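Reading through the structure tokens given below for one structure.
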Amino acid sequence: MLEKNFDPKSFEQNFSFEIEASLRKPKAEPFMVLLPPPNVTGSLHIGHSLCYTLQDILARYKRLRGYDVLFQPGLDHAGIATQLLVEKRLYDSGVEKKSLSREQLLKEIWLWKENSGDVVVNQMKILGISCDFSRQRFTMDEGAKKAVAKMFVRLFKDGFIYRQKKMVNWDPFIGTAISDLEVVEREVDGRLWYVKYVLANSDECITVATTRPETIFGDVAVAVNPDDCRYAHLIGKKVVVPLTDRKIPIIEDKYADMAKGSGAVKITPAHDFNDFLVGERHKLDVIEVIDARGELNENVPEIFQKMDRFAAREKVVELLDKMKLLVRAEDIKQTIPFGDRSGVALEPRITYQWFVDAEKLSIPAISAVKDGKIRFIPKHWENLYFEWLSKIRPWCVSRQIWWGHRVPAWYGPDGQVFVEESYEEAMGKAVEFYGKNTIELTQDADVLDTWFSSGMWPFITLGWPDKTDDMKRYYSKTTIVTGFDIIFFWIARMIMMGLHATGNIPFRDIYIHGLVRDEKGQKMSKYKGNVLDPVDLCNKYGADAVRYTLASMSSPGRNIKMNDRAVENGRNFLTKLWNAVRFSQLHGCTSNKRFDPNAVNSPLAKWIIYHAKNAITDVEQALESYRFDEAARHIYRCVWNCLCDWYMEFIKPILQTSHINPNEENSATDDAADAVGENNKLRDYDINILLAKNDLRNTAAWVILQLVRVLYPFCPFISKKLMGEIGVVDTEWPDLSGVNISFDQDVKEIELLKNVITSIRSMKQCLRISVGEKLPVSMEMTNADAGKFLADYGDILYRMAGVVAEERLMQSISIVVDGAVIRIGLGEGVDLLQEKKRLCNEKLKLTETHDEILLRLDNSEFLEKASENVIIEHKERLESIRDRIQKIDYVIQSLEIVE
RNA sequence: GGACGCUUAGCUCAGAGGUAGAGCGCUACCUUCACACGGUAGAAGUCAUAGGUUCGAAUCCUAUAGCGUCCACCA
């Protein structure tokens, strides 16, 4: 028997899903859910919870539907993020990074990884994510190392990877190059300084506007627009770079925008992407003045050397001002690039880096989606994917940090590079190349962008580059669930790399979910303090409630505004279900394997089976089309609005009439007829009651079981718990294909019963008659036997509507329900005015609708063009409205008589 | 500057050619033996605006506005 209080904590920890997650079904159709590996650095935030919950729902659903599901977890080494984190921790404990060697730092990071890698895994278990933890992988485990080296070498040898000295985005805080994607543009308050550049051998000046005066030492030209008559006479002349004695030319280039600044722009090819291009066009020198740490280097006057770029900026301005070279300064808003990890302003720098020719790789990646081999859900995310891929630039994959996959390239003494999977192979090639045996090779110091290995995740996890059975079986049979924010970072790269490495798509479906925001729609951040911790929520409301809530709020293409109240709603629903099961237990509704839903006689039973079947079919359809919200809603409505609100209320009065000893009754539950046979003292009447009761009980148990089963993917803990209570061990998806209960006369009769009850209640409320007061009722029905109806459902009507069937009524009021007229006897002193008002109102509205429909039916064009069904529907509706108006009129008249 | 998304009840959101829906909140009543994390009955909406297509538009199309996001650029 279930405990009275629903307390998720009391049972959630008793369930573990590891065994079922690791179960393989070699004969079933394979299906893979590719879990985006979380960073080792972290703990799960609510966004992960959403992502993993949706995946888990898919995985569990597919398992129930008989698929062989591989749901494999892993962790991402998250190069820069992890290294920064560990460095910070070391720093906090008094260890400077500079004092550590590469090996020492790596040792520290591995140590930290070993100690904290479990955090995420444990959190996933709390959430009930059923991935196969026995197959957990890490993006830097031995297999991954081998695969990454293989991939790099293959791309290099196929001409997709090259090393080049090029301008890249450089993060001076971390001291590494980063890719374009890791750049975030941010608007900041800036200042535009107008600086006088004096012409060589002349007093004449040209004013140049700049936001970065500290790069003045790297200036190699001043550019003006060829059409700019203000400066035409200066072209070809030379100016002196302020604070130095270096002379640079004034050149003409269309890049100079006459409308911006002074129209004359300084050209600093070493520290600006546009200037670099101008420099190339005019074959200008490149003078680097800022180093890897953002400090000014030896190419600047001595007083500026080793100075931080921002300090130098102030100093330069100060000196310029002092020398009367500063014309003015203007406060402006400017958007400048920052590093997404470090948060510092980036510095374009020219360095040697490794690049992936993403443009070439993108071509098959684009067609895979264009040809429909890979689907985005919702589809509109394809646009974003195409847009980015169509203008993709070379992907800088080398990073000047230590934590990551080392670039598999070795250099000979003369700088000759050998790109091979191992030192031994590189040495082999070197020996061949140099024609001698003792060669000193040094490995490239850089590591690869984390996303390089992440991009290989779909096949690394299956054992690539080995030709494994898993690879053959699961690769490409995959659905991936993720947020749109990593379509570029991850999705696009997995497709590009997957196609190139294996010749096959890495996954079929990409489900893009929304982002989880706070209740105001703002991004959650520790800084703002609006973070919802999923583990906290699980503790407070239970993991199932969190899962259910996330799923039910996950409508396509929309972000989720999350707060505690939303989760409360989910928790309330589970409480309701819990109590429904308790109810069934208290009333002896036990699951009976021999129960045949097609064989039930009671219209009540048919009614709930009909609705349960529909709901479950709807859930299936919703899940097949990734409509987690709809699926959750269908379960909710069936449990609460059908089962609890109606069916259970219906059967209460029936189950509670005790015509026979409840103990005998219980023993008879399994097979009523046998039990009755043994007890031949029972009257026929009691036998019928007993059979009917058993029908209703079995149906309740059966419906609950089916609903608990479909809830399983969403809320596995409570589902397991309740199944245990019901006495069912195996989780399976309900097979309702054989259930053939249609919307027949019996089911319609119950719909009528519902409406009768609602109408009587409504009327009572309107007349301020207390619910407890029992009123006599009689009834007329057009197409059925009213006497039988009242006899069949008398107990229910008594209990749910507070009416007692009586043949003759003295003073009565009538209400109209679905073609039936119900007369209800009234006591003294009831104020009928309210009811009359209500009826008149209803009549008014009905008349309006009636006229509208009539207008349409009078329209020849409507009759000509509308589909036959629609016309029939309109006619039927018109009829029923007419009927109702007529009856309301009759009721209003009768009210007047009563008065 | 380019692209995408959103605008439906007080709030959060479903609905996608033919009766306007849910949850929360609100109002009134009910502590009835599954459940107050509950029950019953209610109130509440020119479906952002303007045009168009259609017999018929919240739903399709086109503009406009507001909000949001992404990409690009900015001496």
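Atoms considered below: every heavy atom in the structure, side chains included; atoms not considered: hydrogens, waters and symmetry mates. This structure is a prediction, so every number in the text was calculated from the model and none was measured. In what follows, every chain begins at residue 1, and chains take the letters A, B, ... in the order their sequences are listed.
Aromatic rings of A:His874 and A:Phe862 (six-membered ring for Trp) have centroids within the 6.0 Å cut-off, being under it.
Contact between the side-chain N/O atoms of A:Arg761 and the OP1/OP2 oxygens of B:A41 is found at a separation under 4.0 Å. Checking the phosphate oxygens (OP1, OP2) of B:G39, a side-chain nitrogen or oxygen of A:Lys576 falls inside 4.0 Å. Residue A:Trp381 has no polar side-chain atom (N or O) positioned under 4.0 Å from OP1 or OP2 of B:A3. OP1 or OP2 of B:G42 has at least one side-chain nitrogen or oxygen of A:Ser762 nearer than 4.0 Å. For the pair A:Arg558 and B:U7, the criterion of a side-chain N or O lying under 4.0 Å from OP1 or OP2 is met. Of the side-chain N and O atoms in A:Ser555, none sit less than 4.0 angstrom from OP1 or OP2 of B:C13. Between A:Arg565 and B:C24 there is no side-chain polar atom (N or O) within less than 4.0 angstrom of OP1 or OP2. In terms of phosphate contacts, A:Lys764 brings no side-chain nitrogen or oxygen within less than 4.0 Å of OP1 or OP2 of B:A41. A close approach under 4.0 Å does occur between a side-chain nitrogen or oxygen of A:Lys652 and OP1 or OP2 of B:A34.
At a threshold of 4.0 angstrom between heavy atoms, the contacts of A:Phe6 with the nucleic acid are absent. Among the protein residues, A:Cys766 comes within range of no part of the nucleic acid, since none of its heavy atoms lies under 4.0 Å from any strand. No engagement by A:Arg212 is indicated, since no non-hydrogen atom pair under 4.0 Å with the nucleic acid exists. A:Ala256 comes within 4.0 angstrom of a base, heavy atoms only. Within 4.0 Å of A:Trp640, counting heavy atoms only, lie sugar-phosphate atoms of the nucleic acid but no base atom. Contacts of A:Thr849 with the nucleic acid, taken as non-hydrogen atoms under 4.0 Å apart, are absent. Within the 4.0 angstrom heavy-atom criterion, base atoms lie near A:Glu649. Within 4.0 Å (heavy atoms only), A:Lys4 reaches sugar-phosphate atoms of the nucleic acid but no base atom. Nucleic acid contact for A:Ile853: none, since no nucleic acid atom lies under 4.0 Å from a heavy atom of the residue.
Of the two residues near RNA chain B, A:Trp646 and A:Gly557, the one whose nearest nucleotide lies more 5' is A:Gly557. Both A:Arg637 and A:Ile560 sit near RNA chain B, but only A:Ile560 has its closest nucleotide nearer the 5' end.
More than 12 heavy atoms of other residues, nucleotides or ligands lie within 6.0 Å of CD in A:Glu187, so this atom counts as buried by the packing criterion. Residue A:Tyr798 qualifies as open at atom OH: its count of foreign heavy atoms under 6.0 Å is 12 or below.
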The dot-bracket string of RNA chain B, counting Watson-Crick and G-U wobble pairs with both distances under 3.5 Å, using [ ] for crossing pairs and | for pairs to another strand, is ((((((((.[[[[.)..(..]]]].(((((.......))))).....[[[[[..)....]]]]])))))))....

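If you take CG of A:Leu515 and C1' of B:G5, they are 12 Å apart, rounded to a whole angstrom. For the pair A:Asp629 CG and B:G23 C1', the interatomic distance rounds to 13 Å; values are reported in whole Å. The distance between atom CG of A:Asn274 and atom C1' of B:C74, rounded to the nearest whole Å, is 9 Å.
No hydrogens or angles considered: a donor-acceptor pair under 3.5 Å links the side chains of A:Ser762 and A:Arg838.
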